[in-house]
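Proteins come first, then strands; the chains are lettered A, B, ... in the order of their sequence lines, and each starts at number 1. Just so you know, these numbers come straight off a predicted model, no measurement behind them.
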There are 2 protein chains.
Amino acid sequence: MLPLDDYVPYLLNRAGARIAVSFSEAVRPMGVTLPMWRALAALTDRDGQTVGELSSRTSIEISTLSRVLDGLQRRKLVERKRAEDDARVVTLRLTPAGRTMVRRVMPIAERYERVAIAGLSSRDVATLKRLLRALYANMDGLAPRP
Amino acid sequence: MLPLDDYVPYLLNRAGARIAVSFSEAVRPMGVTLPMWRALAALTDRDGQTVGELSSRTSIEISTLSRVLDGLQRRKLVERKRAEDDARVVTLRLTPAGRTMVRRVMPIAERYERVAIAGLSSRDVATLKRLLRALYANMDGLAPRP
DNA sequence: GGCATATATTTGCATTTGCAAATATATGCC
DNA sequence: GGCATATATTTGCAAATGCAAATATATGCC
């Protein structure tokens with residue numbers, strides 16, 4: 001039997017959790033949480049996503065995301081608007097303040113990326129990203145059925 | 001600026017969270033949660049650890065772990081005992097029922113390991129483990145100061 | 001057009017979490 | 001030995017989470 005710290009799922013969660021805790025602490029002074037940052041970053045990638053799209057993209061559970069959006073909206077970083085073509089969906093847009101916040105937090109995110117991969121060759125980094133995507137995809141079939 | 005899904009911290013959390021959710025679901029019928037399983041597995045590696053040791057080893061926050069242990073003790077899978085030499089610490093031991101539970105859950109854990117790394121060469125798996133350990137170590141300096 | 005069914009989002013509620021305070025014991029110093 | 005300080009664990013409490021139910025809107029069929 002493998003010791004706990006030879007299991008990929010454990011190693012993965014352990015590393016992920018540590019980075020998450022550390023990054024959260026770093027951005028707290030700016031008044032954003034990690035899920036908030038994920039939402040802001042994903043909206044920077046593509047503005048005007050719906051709540052459902054953003055949920056898939058960020059892997060934030062949709063009811064949790066709804067409340068994260070409450071916070072972002074209250075702080076006027078994000079705008080919610082019922083879509084014109086399909087009023088079941090709500091589209092999300094960064095406000096100018098939201099974009100400013102992204103510009104302020106981005107350097108921290110980049111610093112954490114750099115710290116995380118410090119000492120790894122760029123080849124290693126490429127491999128790591130590839131493997132993490134593969135792992136995620138591998139779990140597709142086993143995810144809770146909708 | 002990188003899109004969200006090129007950031008290592010994001011890829012890491014995403015993959016880790018998906019495996020965690022899926023595994024949790026798989027072991028729920030046996031009445032164990034993921035943190036419970038981690039504790040049981042770590043105690044299988046080495047019996048008689050203290051609560052603090054187990055907390056570091058599993059990366060479960062110590063007050064959370066204390067409550068996880070409440071559950072494991074209530075279900076008679078783990079025994080708590082004040083250490084004889086230093087009565088500040090509590091040592092933890094698997095009961096026979098605890099060992100039985102480990103034997104029952106182990107195949108599921110092994111299946112998840114296999115599914116996670118499906119399609120990866122054994123070289124890739126070795127690389128992945130090495131990189132995940134490196135990442136974890138890299139965050140050492142940035143972790144919240146004690 | 002009106003009703004039944006489908007999809008998207010939010011809200012209610014119970015559970016889990018983590019920090020900080022409380023408790024228990026140990027060690028060092030007088 | 002007794003008190004001050006240090007270490008280990010548990011408990012109180014508030015915040016975050018996820019599931020399921022409630023709400024809002026759409027679509028298909030008659």
Side-chain angles (χ1 to χ4, degrees), chain A residues 13-14 16-18 20-25 27-28 31-39 43 48-75 78-93 143-146, chain B residues 13-14 16-18 20-25 27-28 31-39 48-74 78-93 143-146:
Chain A
N13 266 285
R14 187 182 71 161
R18 188 176 261 193
V21 166
S22 195
F23 179 80
S24 298
E25 192 180 275
V27 296
R28 186 166 34 215
V32 288
T33 62
L34 178 54
M36 280 179 175
W37 166 247
R38 290 227 178 99
L43 287 172
Q49 289 178 77
T50 68
V51 177
E53 285 165 353
L54 191 62
S55 170
S56 329
R57 195 133 170 38
T58 57
S59 299
I60 300 172
E61 197 276 338
I62 196 162
S63 69
T64 300
L65 179 58
S66 180
R67 280 177 272 239
V68 168
L69 291 170
D70 289 347
L72 290 172
Q73 190 175 35
R74 192 168 37 70
R75 304 197 40 215
V78 163
E79 270 177 7
R80 269 169 165 140
K81 206 174 68 170
R82 284 271 162 200
E84 289 168 16
D85 51 338
D86 181 347
R88 288 173 305 180
V89 302
V90 171
T91 57
L92 304 166
R93 290 186 189 287
R145 286 137 277 149
Chain B
N13 267 284
R14 188 182 70 160
R18 188 175 262 193
V21 166
S22 195
F23 179 79
S24 298
E25 192 179 274
V27 296
R28 186 166 35 214
V32 289
T33 63
L34 178 54
M36 280 179 176
W37 166 247
R38 290 228 178 98
Q49 290 178 76
T50 68
V51 177
E53 285 165 352
L54 191 63
S55 169
S56 329
R57 194 125 163 47
T58 56
S59 300
I60 300 173
E61 197 276 338
I62 196 163
S63 69
T64 300
L65 179 58
S66 180
R67 279 177 272 240
V68 167
L69 292 170
D70 289 347
L72 290 172
Q73 190 176 33
R74 192 167 35 71
V78 163
E79 271 177 7
R80 269 169 165 141
K81 206 174 67 171
R82 285 270 161 201
E84 288 168 16
D85 51 338
D86 181 349
R88 289 174 304 179
V89 303
V90 172
T91 57
L92 304 167
R93 290 185 189 287
R145 286 136 276 152

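Residue contacts for A/Thr33: at a heavy-atom cut-off of 4.0 Å it reaches no nucleic acid atom on any strand shown.
Atom CG in A/Leu69 sits about 11 Å away from atom P in C/dT11, given to the nearest Å. In this structure, the CD1 atom of A/Ile60 is 13 Å from the C1' atom of D/dG18, given to the nearest Å. If you take CZ of A/Arg67 and C1' of C/dT9, they are 11 Å apart, rounded to a whole angstrom. Taking atom NZ on A/Lys81 and atom C1' on D/dT25, their separation rounds to 17 Å, with Å as the unit. As rounded to whole Å, 9 Å separates atom C1' of D/dT23 from atom CZ of A/Arg82. Between the CG atom of A/Asp70 and the P atom of C/dT11 there is a distance of 6 Å, rounded to whole Å. The distance from atom CD of B/Glu25 to atom P of D/dC19 is 9 Å, rounded to the nearest whole Å. Counting to the nearest Å, the C1' atom of C/dT9 and the CD atom of A/Gln73 are 13 Å from each other.
Between the side chain of B/Arg82 and the backbone N or O of B/Ala87 there is at least one donor-acceptor pair closer than 3.5 Å. Looking only at distances, no side-chain donor or acceptor of A/Ser66 sits under 3.5 Å from a matching main-chain atom of A/Ile62.
Side-chain N/O atoms of B/Thr64 include one lying less than 4.0 angstrom from OP1 or OP2 on C/dG18. The phosphate of C/dT9 (OP1 or OP2) has no side-chain N or O of A/Arg80 nearer than 4.0 angstrom.
Closest contact between the side chain of A/Ser63 and the listed nucleotides D/dG18, D/dT11, C/dT9 involves D/dG18.
For B/Thr64, the side chain to side chain contact (heavy atoms under 4.5 Å, CB included) criterion is met by B/Ile60, B/Glu61, B/Val68, not counting sequence neighbours.
Classification of B/Arg80 and B/Asp70 as a salt-bridged pair holds, one side-chain N sitting under 4.0 Å from a carboxylate O.
Taking 4.5 Å as the limit, some side-chain heavy atom of B/Leu69 sits within range of a side-chain heavy atom of B/Leu92. At least one side-chain heavy atom of A/Asn13 sits less than 4.5 Å from a side-chain heavy atom of B/Arg38.
In secondary-structure terms, DNA chain D builds stems of at least 3 consecutive Watson-Crick or G-U pairs, each pair having both distances under 3.5 Å, at C:1-30 with D:1-30.
Position along DNA chain C of the nearest nucleotide to B/Arg88 versus B/Glu61 favours B/Glu61 as the more 5'-ward residue. Residue-to-nucleotide proximity on DNA chain C shows that, of A/Asp86 and A/Arg28, the 5′-proximal contact is made by A/Asp86.
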Test side chain to side chain contact (heavy atoms under 4.5 Å, CB included) on B/Arg57 and B/Gln49 and set out the steps. CA-CA 10 Å; B/Arg57 194 125 163 47; B/Gln49 290 178 76; 3.4 Å; yes
